[in-house]
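Worksheet: the structure to be examined is printed underneath.
Below, chain A is the first sequence line, B the second, and so on; all start at residue 1.
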Amino acid sequence: MPELPEVETLKRALTPLVLNKRLLELNFLRKNLRFPIPSSELHKGLLNQKISAITRKGKYILIHAPDGSLLVHLGMSGRVTQAPSMKPMEKHTHALFKFEPNIYLHYIDPRCFGCLLWIPKGNGHPLLDGLGPDPIDQEITAQEMKMAAKNCSTVSIKNFLMDAKRIAGIGNIYACEALFAARIYPKKPARKINVAQWTILLSVLREILQKSIVAGGTTLRDFHSTDGSQGYYKFKLAVYGKENKPCPICNEPIKRIVQSARSTFYCKVCQK
DNA sequence: AAAACTACCTGAGTGC
DNA sequence: TGCACTCAGGTAGTTT
């Protein structure tokens, strides 16, 4: 499920469930995800501790406790669901949490590209420290983006958007959708995007992300069910996955190309 | 140094 | 029905 709006939706769904609650039980069903799960550190740092805040940076969620934070990433296929007990309900359930009074959360990730890590209080973490500004949380100015792209010799605007070191949290879908909305050709070199275009791009990007978060908001109701991945599909995609379908603006068939081994969808008439 | 590529996994979908 | 194949929303680490 996870692109930035889905992660934000998860953060919002988790907050009322676990904020100011103690973690009563913790169980890991495998040793590794993308990285080894630091099981004993997480037990030591989290058990019987009260959750003081839940924050997000890019696609990472931080669940804060007095001595440190649980860093959660969902990778490409991860989900968190609420369940009636500590008993795994689904294949690929890797971690089980019980919060007071009777809140059970299951971490499920078929491809194991996600991670669960422990960050001691006061420490940074290499996964977070290199991250660019968050397109929703922080105000990014067009001027700053223009400056950041100035020295990119060859990077396309699409690859620029997808590089978390430059802007955090923009995945393949939203990169394609934002470029379509801003009418920018995905292969255009990032350094050639002028301030006026950056202004439009940032504005449509925020708008799309916000709309998608709102769509995701409807999943809060479904959050108790086993499927936590709803809202994602409720946001209407204009170009992503629409190869050969008519462009919603001009009816030209949408093209699919490959950039850095990832599919890019765009309209060759509307995007220049 | 920057940019492109590979690897990590399982599952869904397609064509034969 | 089953097999072989392609592709998938992320990103750290390696290679060019």
Side-chain angles (χ1 to χ4, degrees), chain A residues 1-10 29-37 56-61 71-80 88 90-95 107-117 125-132 134-135 148-180 186-192 205 208-209 212-213 215-216 219 226-244 256-265:
Chain A
M1 80 173 194
E3 285 233 17
L4 188 145
E6 289 73 42
V7 177
E8 176 64 23
T9 297
L10 174 62
L29 305 180
R30 65 143 56 212
K31 287 196 170 67
N32 302 283
L33 292 166
R34 165 174 284 274
F35 308 110
I37 300 172
R56 177 187 63 74
K57 188 169 181 190
K59 291 176 198 153
Y60 293 91
I61 287 184
L71 178 64
V72 181
H73 195 286
L74 299 170
M76 246 158 114
S77 56
R79 281 181 298 135
V80 174
E90 286 185 65
K91 210 173 163 184
H92 308 300
T93 302
H94 308 312
Y107 179 97
I108 301 153
D109 182 7
R111 292 171 79 177
C112 298
F113 286 179
C115 64
L116 295 169
L117 295 170
H125 194 282
L127 292 176
L128 297 178
D129 296 343
L131 238 38
D134 189 283
K150 192 176 65 174
N151 295 321
C152 297
S153 53
T154 61
V155 184
S156 67
I157 182 59
K158 198 249 188 173
N159 285 346
F160 185 96
L161 290 179
M162 287 184 64
D163 184 345
K165 291 189 245 359
R166 303 182 143 119
I167 307 177
I170 303 175
N172 205 23
I173 293 179
Y174 293 96
C176 291
E177 293 295 318
L179 288 171
F180 175 75
K187 278 189 172 175
K188 187 168 177 140
R191 66 186 153 77
K192 289 193 177 171
L205 185 57
I208 291 170
L209 292 171
S212 192
I213 290 167
T219 46
T226 48
D227 184 4
S229 68
Q230 293 283 326
Y232 177 77
Y233 294 100
K234 291 181 180 165
F235 176 76
K236 198 166 166 11
L237 300 170
V239 291
Y240 184 84
K242 308 283 187 188
E243 186 178 15
N244 297 327
R256 183 179 86 94
I257 56 172
V258 175
Q259 290 179 277
S260 296
R262 310 303 298 274
S263 289
T264 299
F265 299 88

For [X] and [N], what is the distance between atoms [atom1] and [atom2] respectively, to the nearest whole Å?
X        : N      : atom1 : atom2 : answer
A/Lys158 : B/dA3  : NZ    : P     : 16 Å
A/Leu161 : C/dT11 : CG    : C1'   : 16 Å
A/Arg79  : B/dC9  : CZ    : P     : 20 Å
A/Glu243 : C/dA8  : CD    : C1'   : 14 Å
A/Ile208 : C/dG9  : CD1   : C1'   : 15 Å
A/Leu117 : C/dA12 : CG    : P     : 11 Å
A/Ile108 : B/dC9  : CD1   : C1'   : 16 Å
A/His125 : C/dA12 : NE2   : P     : 10 Å

Non-hydrogen side-chain atoms of A/Lys150 and A/Arg191 separated by less than 4.5 Å: no
Between [N] and [X], is there an OP1 or OP2 to side-chain N/O distance shorter than 4.0 Å?
X        : N      : result
A/Ser263 : C/dA8  : yes
A/His92  : B/dT10 : no
A/Tyr240 : C/dA8  : no

Under 3.5 Å side-chain donor-acceptor pair for A/Tyr174 and A/Ser212: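 Yes - a donor-acceptor pair under 3.5 Å links their side chains.
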Basic-acidic side-chain contact under 4.0 Å: A/Glu90, A/Arg79: yes
C/dG9 - base-pair partner by Watson-Crick or wobble geometry, distances under 3.5 Å: none
Partner nucleotide, any strand, of B/dC9 [Watson-Crick/G-U, under 3.5 Å]: none
Taking the side chain of [X] as its heavy atoms from C-beta onward, which of [options] lies nearest to it?
X        : options               : result
A/Ser153 : C/dA8, B/dT10, B/dA2  : B/dA2
A/Thr154 : C/dA12, B/dC9, B/dA3  : B/dA3
A/Phe35  : C/dA8, C/dG13, B/dA2  : C/dG13
A/Phe113 : C/dG9, B/dC9, B/dT6   : B/dC9
A/Leu127 : C/dT11, C/dG9, C/dA12 : C/dA12

5′-ward residue of the pair A/Arg111/A/Gly169 relative to DNA chain C: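 With A/Arg111 and A/Gly169 compared, the 5'-side residue is A/Arg111.
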Sugar-phosphate, base or nothing in reach of A/Phe160, heavy atoms under 4.0 Å: nothing
CA sep, side-chain torsions, deciding dist, call: A/Ser156, A/Lys187, side-chain hydrogen bond (donor to acceptor under 3.5 Å, both in side chains): CA-CA 5 Å; A/Ser156 67; A/Lys187 278 189 172 175; over 6 Å; no
A/Arg166 vs A/Lys91, nearer the 5' end of DNA chain B by closest nucleotide: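 Whichever sits nearer the 5' end wins; that is A/Arg166.
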Aromatic plane relationship, A/Tyr240 with A/Phe265 - under 30° parallel, 30 to 60° tilted, over 60° perpendicular: perpendicular
